[in-house]
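Below you'll find the structure, written out as structure tokens, and then a few comments.
As a basis for the values below, the full set of heavy atoms in this structure was taken, side chains included, without hydrogen atoms, waters or symmetry mates. Start at 1 and go down the list; that is how both ligands and their atoms are numbered.
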Amino acid sequence: MTRVFSGIQPTGDIHLGNLLGAVRNWVDSQGATDSVFCIVDLHALTIPKDPGEIGERTLELAQVLIACGLDPERVTLFVQSHVHQHAELGWILQCNTSFGELSRMTQFKDKSSRQRDFVSAGLFTYPTLQAADILLYDTEQVPVGEDQRQHVELTRDVAERFNSRFGETFVLPEAVIPPAAARVMDLQNPTDKMSKSAETDAGTILLGDDLARTAKKIRRAMTDSDNEVRWDPAAKPGVSNLLGILGACTGRSPEELAGGYEQYGPLKADTAEAVVALLEPIQSRLGELRADPAETTRLLAGGAEKAREIAVPVLDRVVCNLGLQPR
Ligand code: AMP
Ligand code: TRP
């Protein structure tokens with residue numbers, strides 16, 4: 001089976017866009033691929049946080065992912081800092097990546113320009129830790145958004161350089177960018193992507209939101225005044241977004257759904273109902289997981305153990321090929 005690796009930062013709450021655009025694909029691919037999902041808490045350290053915040057969010061994210069259907073029995077779900085090999089290989093790769101290469105990373109330019117008083121060195125070397133995440137698992141495919149393509153390309157470059165200097169060591173990974181996966185737009189500003197950093201929360205549906213409130217947000221979604229239900233994202237972004245969400249929840253095409261509606265009211269009511277039906281079982285599972293945090297901790301410990309079974313021999317191979325003194 002193809003080895004797939006993806007990393008998710010434990011920052012911000014998971015919203016409907018994350019669920020329909022990413023998490024659901026991971027859930028659906030279980031069993032067809034050998035998937036490793038890593039909550040990258042060490043990456044989250046690159047931007048200053050309060051003590052305890054990352055740990056708390058790590059547990060929450062694990063609970064949300066499991067509640068959404070990621071099955072720790074069928075995938076490897078673990079926390080980056082629980083597997084020391086990430087930090088160790090990260091250092092080795094830093095020493096095999098040039099300052100110039102890292103200076104070209106657009107995410108660094110972007111994120112560092114938004115940090116006012118403290119740009120950590122870790123923010124600069126972030127992509128070498130990401131390369132370590134990927135290469136430690138002999139990863140073949142990395143499902144990511146377009147914004148991460150450059151980091152996966154860098155990972156390939158570093159792996160190739162290492163292989164040619166020290167002999168065949170790493171599998172060369174490739175980025176897999178899902179073809180225009182369900183893109184959920186903000187309910188109030190339907191030309192912007194639904195995002196955790198939106199200006200108002202009226203346009204964003206968080207997975208943990210109260211369901212009555214969720215239904216209300218959908219019924220109050222921004223549409224337009226011509227009152228014609230038609231799938232046309234450019235001319236009618238609000239209505240098309242509702243059709244897209246309804247389609248993603250029900251497995252039907254938005255174009256086909258549009259034919260069934262004359263007015264916005266019933267479309268909003270049906271979309272609200274479909275989203276509530278999608279979220280209800282997720283929330284009830286989330287409630288159980290929150291009531292027993294030790295269960296998630298146990299699952300994550302099991303995940304780290306499975307991860308180490310892959311990562312330890314790979315790092316041994318690296319150390320051996322580098323020619324460090326054997327331990
Ligand atoms: P982010 O929340 O930006 O870290 O993204 C995490 C994952 O969710 C990535 O795979 C994104 O492509 C996906 N994602 C984020 N926002 C949306 C959205 N509004 N619609 C669809 N997918 C999204
Ligand atoms: N940099 C990724 C992001 O910001 C998160 C990430 C860290 C990752 N390590 C990874 C993604 C390894 C894929 C593979 O979204």
Side-chain angles (χ1 to χ4, degrees), residues 3-27 29 35-47 57-58 61 64-65 68 76 78-81 83 86-87 89-90 93 105-108 110-111 122-123 125-156 158-159 173-198 203-207 233 237 240-241 244-245 247-249 307 311:
R3 171 69 50 72
V4 175
F5 184 101
S6 203
I8 315 131
Q9 287 213 44
T11 47
D13 295 311
I14 296 264
H15 54 72
L16 186 68
N18 299 135
L19 175 63
L20 295 177
V23 179
R24 220 166 55 156
N25 297 340
W26 303 338
V27 172
S29 70
S35 297
V36 181
F37 293 106
C38 179
I39 302 182
V40 291
D41 55 346
L42 298 176
H43 276 106
L45 286 171
T46 55
I47 306 272
R57 290 206 169 260
T58 297
L61 178 57
V64 167
L65 293 174
C68 288
T76 300
F78 73 104
V79 178
Q80 189 181 32
S81 65
V83 180
H86 288 250
L89 181 59
L93 296 181
M105 295 294 118
T106 54
Q107 182 176 290
F108 172 73
D110 203 46
K111 286 196 177 175
L123 192 61
T125 59
Y126 177 117
T128 52
L129 181 59
Q130 182 166 351
D133 298 341
I134 296 168
L135 298 177
L136 260 183
Y137 295 87
D138 286 339
T139 302
E140 298 166 83
Q141 294 185 351
V142 188
V144 278
E146 185 58 47
D147 64 319
Q148 294 298 314
R149 186 193 289 279
Q150 200 184 25
H151 289 169
V152 181
E153 289 304 315
L154 176 73
T155 302
R156 277 182 78 92
V158 173
E174 123 194 302
V176 182
I177 318 270
R183 215 165 160 244
V184 179
M185 310 307 281
D186 187 284
L187 295 171
Q188 291 304 322
N189 301 298
T191 49
D192 293 344
K193 233 173 54 157
M194 185 178 286
S195 143
K196 45 206 171 199
S197 50
T204 308
I205 293 174
L206 300 181
L207 294 203
S240 301
N241 189 33
I245 293 172
C249 290

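- Residue Arg183 approaches ligand 1 through these ligand atoms, each under 4.0 Å from one of its heavy atoms: 20 (N), 21 (C).
- At distances below 3.5 Å, not a single donor-acceptor pair connects side-chain atoms of Arg183 with backbone N or O atoms of Gly21.
- Using modelled atom types, no side-chain atom of Thr128 and backbone atom of Leu93 make a donor-acceptor pair closer than 3.5 Å.
- Taking a cut-off of under 4.0 Å to the non-hydrogen atoms of Lys196, the atoms of ligand 1 that pass are 1 (P), 2 (O), 4 (O).
- Of the possible donor and acceptor atoms, one in the side chain of Arg3 sits under 3.5 Å from a partner among the backbone N and O of Tyr137.
- The atoms of ligand 2 that sit less than 4.0 Å from any heavy atom of Gln148 are 1 (N), 2 (C), 3 (C), 4 (O), 15 (O).
- Atom numbering of ligand 2 starts at 1 in the shown order; those under 4.0 Å from a heavy atom of Phe5 are 12 (C), 14 (C).
- Taking a 4.0 Å cut-off on heavy atoms, Leu20 fails to register as neighbouring ligand 1.
- The Val142 neighbourhood of ligand 2 comprises atoms 13 (C), 14 (C), with distances under 4.0 Å to a heavy atom of that residue.
- In terms of polar-atom proximity, Gly145 is not counted as a contact of ligand 1, lacking any N or O under 3.5 Å from an N or O of the ligand.
- Remark: ligand 2 atoms within the under-4.0 Å shell around heavy atoms of Gln9 are 4 (O).
- Contact annotation: Met185 has no heavy atom less than 4.0 Å from any atom of ligand 1.
- Near Val184, with a cut-off below 4.0 Å to any heavy atom, the atoms of ligand 1 are 18 (C), 19 (N), 20 (N), 21 (C).
- Rounding to the nearest 0.5 Å gives a distance of 6.0 Å between CD of Gln9 and OG1 of Thr46.
- Counting atoms of ligand 1 from 1 in the listed order, those under 4.0 Å from a heavy atom of Met194 are 16 (N), 18 (C), 19 (N).
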Item to check | Audit row: Ile8, Leu65, side chain to side chain contact (heavy atoms under 4.5 Å, CB included) steps and yes/no | outcome: CA-CA 10 Å; Ile8 315 131; Leu65 293 174; 3.8 Å; yes
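- The protein atom (non-hydrogen) at minimum distance from atom 9 (N) of ligand 2 is Asp133 OD2, 2.8 Å.
- Counting protein heavy atoms only, atom 10 (C) of ligand 2 is closest to Gln130 CG, 3.4 Å.
- Judged by distance alone, with hydrogens and angles left aside, the side-chain atoms of Asp192 form no donor-acceptor pair with the main-chain N or O of Asp186 at under 3.5 Å.
- Contacts between Val144 and ligand 2 below 4.0 angstrom, taking non-hydrogen atoms only, involve the side chain exclusively.
- Atoms of ligand 1 found under 4.0 Å from any heavy atom of Gly21, numbered from 1 in the order shown, are 21 (C), 22 (N).
- Not a single donor-acceptor pair under 3.5 Å links the side chain of Ser81 to the backbone N or O of Asp41.
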Worksheet entry | Criterion side chain to side chain contact (heavy atoms under 4.5 Å, CB included) on Asn241 and Met194, from CA distance to verdict | CA-CA 10 Å; Asn241 189 33; Met194 185 178 286; 5.6 Å; no
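- Counting atoms of ligand 1 from 1 in the listed order, those under 4.0 Å from a heavy atom of His15 are 16 (N), 17 (C).
- If you check which protein heavy atom lies closest to atom 5 (C) of ligand 2, you get Gly7 O, 3.6 Å.
- Nearest protein heavy-atom contact of atom 4 (O) of ligand 2 is Tyr126 OH, 3.1 Å.
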From CA spacing to verdict: side chain to side chain contact (heavy atoms under 4.5 Å, CB included), Gln148, Val142 | CA-CA 10 Å; Gln148 294 298 314; Val142 188; over 6 Å; no
**OP:** Please step through side chain to side chain contact (heavy atoms under 4.5 Å, CB included) for the pair Ser35 and Trp26, ending with a clear verdict.
**Re:** CA-CA 8 Å; Ser35 297; Trp26 303 338; over 6 Å; no
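- Ligand-side atoms of ligand 2 in range of Val40: 7 (C), 9 (N), range being under 4.0 angstrom from any heavy atom.
- Looking at Gln150, its side chain does come within 3.5 Å of a backbone N or O of Thr106 through a donor-acceptor pair.
- With a 4.0 Å cut-off on non-hydrogen atoms, Ile134 touches ligand 2 through its side chain and not its backbone.
- Remark: aromatic rings of His151 and Phe108 are distant, center separation not under 6.0 Å.
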